[in-house]
Number of protein chains: 2
Amino acid sequence: MAARGDRPRIGQVADLAGVSATTVSHALNGRRPVSAATRKRILDAIEQLGYRPNVVARGLRAGRTMTIGLVIPDITNPFYPVLARGLQDVLGPAGYDEIVTNTNGERDLERLALDKMISRQVDGIAFAVFHTHPDDLRPVIDAGIPVVRLGGRQAQPGVDLVHSDDESSAAEATRHLLRTGYQQIAFVCGPAAEGPAAERVAGYRAALQEAGHAVDPDLIAYTEFSRAGGAAGVGGLLDLARPPDAVLCANDVMAIGALDAARERSLRVPDDLAVMGFDDIEAASLVSPQLTTMANPAREIGQACGRLLIDRISDAVGGDATEVIIPARLIRRQSA
Amino acid sequence: MAARGDRPRIGQVADLAGVSATTVSHALNGRRPVSAATRKRILDAIEQLGYRPNVVARGLRAGRTMTIGLVIPDITNPFYPVLARGLQDVLGPAGYDEIVTNTNGERDLERLALDKMISRQVDGIAFAVFHTHPDDLRPVIDAGIPVVRLGGRQAQPGVDLVHSDDESSAAEATRHLLRTGYQQIAFVCGPAAEGPAAERVAGYRAALQEAGHAVDPDLIAYTEFSRAGGAAGVGGLLDLARPPDAVLCANDVMAIGALDAARERSLRVPDDLAVMGFDDIEAASLVSPQLTTMANPAREIGQACGRLLIDRISDAVGGDATEVIIPARLIRRQSA
DNA sequence: TTGAAAGCGCTAACAT
DNA sequence: ATGTTAGCGCTTTCAA
């Protein structure tokens, strides 16, 4: 019907209300007082015309777009939607919107995404990647755009960091198993103990030692991050001369594999074998028995990131780079 | 380091390359020929200065922001991330970015979200809601912004619609069960047969009749859309004088409940009882036995939506509202 | 408490 | 093939 261009502009509101565009602007943004009577006429005019301010023009003039860029590997990975929601929990009420880009974890796409965010004049960036070279963030930092890195370890000047506390959550999981009475606790990790996996192994070790237990290297299985990998890893452990009575798996999918291995050997979970995972994916509460696990605090991470971003944006220039560490929560269900 | 404002502008590129800003613009956008030599000098200047065009200014001037609004209830609901990715599959290569808003399915927030999208001058909107009043879309239509509705039924002039084919996918599921040799096929649906659930029941009936089977009303159970609901519904069915040998559940979570009910009665799945679901959530392949289900084609829906949006945007004014129906896919696993 | 005028960075007519 | 000029819709000095 109505063609593209004929949306009312601020000038039409001003005319109808019998004031200047300046006053309409101030009535809308509250940056200087407007008399009650004038304000009412303006509001009426806006209502009558169905006026909606053009945020693009505003952004150009004001140098703030009220937009945050979220750069992630893949929104389809269940961790990221929750993170995005956490971000929005705090950014939304503050008036910011999110623009989301998937990078598939490819470095070229990551760089492109960052360039795009600069071009779009976002006010801040939440950047969730693992293996990005610090140089890739240079252009963003030079452009004066606050960035918060999600996950990963290496701190970088000018870049705040938010991540979960892998080490202490592994320790907490181990303590839970110990407390419940299990004696031979095994850890099933990925192909190599690197990245977050390494920290989890460290937490597992620390909790064992703190309880006066020896750490038996045979009880650490290296395998694939998959259901089959989990089943194979636990299978190997159960063939040991002194098999474990509890296994802590590096993620829930592997823990589901552990359940498979137990079922195959007619072991009862948690009586003959306790199983714990990490992440608390949806499926964790859907399998039988339901998985006891450490919830990956994705939402809290997103919220912390949002808070950090807002602080940086308003501070113009803040202090040193911050590191925020979010603890994981123990979710007790049936498997341990 | 560098303060906010001193990013290079197009004029500086022009100066360094010894041409006018106009020529730089055209070298970038290809809307008019630029000699090879000039182009090279421009590209060099851009490289040297680290220039990135200001998309906000471009959007204001050109009246196109290259931005699409995605309005959904909750990105945390596993259906929507996949949808969002499908959208991006086709929109990304065309140069569009997505801005995402969650409405929690609340009408007020939906209206607010739409207003925001108008204010942000998005070039198109993907709107995933169920119970919105057609009036709520008026402002968007009046603003000349193409909208595609995702899911829901009621067609509305000026609004294209993309949704999955619930009826025929239920029919296909039923036929699969029939073909495999099951005789007494039950349907476990929600508290009432309305919305998509009604269509699934219709498809189930149609397939039964088409195969010459009677439709026994006792074999349709009404229950909650939850795991416990599914277990209860199937439990009731199994207590019938002539219990079913197969159950089709309105979603995967209920089907997992059906698995619980079977386990409780020591029924083997799929030998004693076949179980099927809808959606193909992640957990469907993680439970034991793995669930046979009809995959909700979220990604395809997103892609179709993206294509529609691009068509509408480029056409200036297109023809009548279109309805695109995406068929679901049968995912054969172990439970049927 | 309110206005007038300038300008954010870019693209599109209209020139040549 | 390239340049000049005007202006997208708003906010912000500066002035009253």
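Chain naming here is simple, since letters A, B, ... match the order of the sequence lines and numbering starts at 1 in each. These figures come from a predicted structure and were not determined experimentally. These values consider heavy atoms only, across backbone and side chains, with no hydrogens, waters or symmetry-generated copies.
Between Arg64(A) and Asp123(A), none of the side-chain N atoms (NZ, or NE/NH1/NH2) sits under 4.0 Å from a carboxylate O, so this pair counts as no salt bridge. Taking the charged nitrogens against the carboxylate oxygens, Arg111(B) and Asp115(B) have no contact shorter than 4.0 Å, which rules out a salt bridge. By the 4.0 Å N-to-carboxylate-O rule, Asp311(A) lies too far from Arg307(A) to be salt-bridged with it.
Atom CZ of Arg52(B) is separated from atom P of dC10(C) by 13 Å (rounded to the nearest Å). Rounding to whole angstrom units, CZ of residue Arg9(A) and P of dC8(D) are separated by 7 Å. Between Arg7(B) atom CZ and dC10(C) atom C1' the separation is 15 Å, expressed in whole Å. One can place CG of Leu60(B) at 12 Å from P of dT11(D), the figure rounded to the nearest angstrom. In this entry the distance linking CD of Gln121(A) with C1' of dG9(C) reads 9 Å, nearest Å. The distance between atom CD1 of Ile10(B) and atom C1' of dG3(D), rounded to the nearest whole Å, is 13 Å. Here the P atom of nucleotide dC10(D) and the CD1 atom of Ile118(B) are 14 Å apart, to the nearest Å. Rounded to a whole Å, the CG atom of Leu28(B) is 7 Å from the P atom of dT11(C).
For DNA chain C, no neighbouring residue in residues 41-49 of chain B is found when judged by any heavy atom under 4.0 Å. Of the residues in residues 20-27 of chain A, those placing a heavy atom less than 4.0 Å from an atom of DNA chain C are Ser20(A), Thr22(A), Thr23(A), in numerical order.
Val55(A) comes within 4.0 angstrom of no nucleic acid atom, judged by non-hydrogen atoms across all strands. Residue contacts shown for Val56(B) are absent, as no nucleic acid heavy atom lies under 4.0 Å away.
Taking side-chain N and O atoms only, Asn29(B) has a distance below 4.0 Å to OP1 or OP2 of dT11(C). Contact between the side-chain N/O atoms of Tyr51(A) and the OP1/OP2 oxygens of dC10(D) is found at a separation under 4.0 Å.
Between Arg58(B) and Ser35(A), the one whose closest nucleotide on DNA chain C sits nearer the 5' end is Ser35(A). Nearer the 5' end of DNA chain D, as judged by each residue's closest nucleotide, is the contact made by Arg39(B), out of Ala57(B) and Arg39(B).
Pairing each heavy atom of Leu137(A) with each of Arg149(A), the nearest pair is CD1-CD, 3.8 Å. In terms of heavy atoms, Ser164(B) sits closest to Ile301(B) at N-CD1, 3.9 Å. Nearest approach of Ile46(A) to Val13(A), heavy atoms of both residues: CG1-CG1, 3.7 Å. Nearest heavy-atom pair across Asn102(B) and Pro73(B) is CB-O, 3.6 Å. When all heavy atoms of Leu91(B) and Gly306(B) are compared, the closest pair comes out as CD1-O, 3.8 Å. Of all the heavy atoms in Val56(B) and Gly59(A), the pair that sits closest is CG1-C, 4.2 Å.
Side-chain atoms of Arg61(B) lie closest to dG7(D) of the nucleotides dA1(D), dT12(D), dG7(D). Residue Pro33(B) has its side chain nearest to dA1(D) when only dA1(D), dT11(D), dC10(C) are considered.
A donor-acceptor pair under 3.5 Å is formed between the side chain of Asp160(B) and the backbone N or O of Thr322(B). Between the side chain of Arg41(B) and the backbone N or O of Ala17(B), at least one donor-acceptor pair lies under 3.5 Å. One N or O on the side chain of Thr67(A) and one on the backbone of Thr65(A) form a donor-acceptor pair closer than 3.5 Å.
In the helix from dT1(C)-dA16(D) to dT16(C)-dA1(D), the rotation axis of the first five pairs and that of the last five pairs differ in direction by 30°, rounded to 10 degrees.
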Please enumerate all protein N or O atoms sitting under 3.5 Å from an N or O of nucleotides 14-16 of chain D, with distances to 0.1 Å.
none

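Residues Gln121(A) and Leu60(A) are not in side-chain contact: their nearest non-hydrogen atoms beyond the backbone lie 4.5 Å or more apart.
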Solution key, residues 79-90 of chain A side-chain donor-acceptor pairs under 3.5 Å, sequence neighbours excluded:
unit_1   : atom_1 : unit_2    : atom_2 : d
Arg85(A) : NE     : Asp74(B)  : OD1    : 2.9
Arg85(A) : NH2    : Asn104(B) : OD1    : 2.3
Gln88(A) : NE2    : Val100(B) : O      : 2.9
Asp89(A) : OD1    : Arg299(A) : NH2    : 3.2
Asp89(A) : OD2    : Arg299(A) : NE     : 2.8
Asp89(A) : OD2    : Arg299(A) : NH2    : 3.3
Asp89(A) : OD2    : Gln303(A) : NE2    : 3.0

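Every pair tested for salt bridge (charged side-chain N to carboxylate O under 4.0 Å, His left out) that includes a residue from residues 19-39 of chain B fails, sequence neighbours excluded, so the list is empty.
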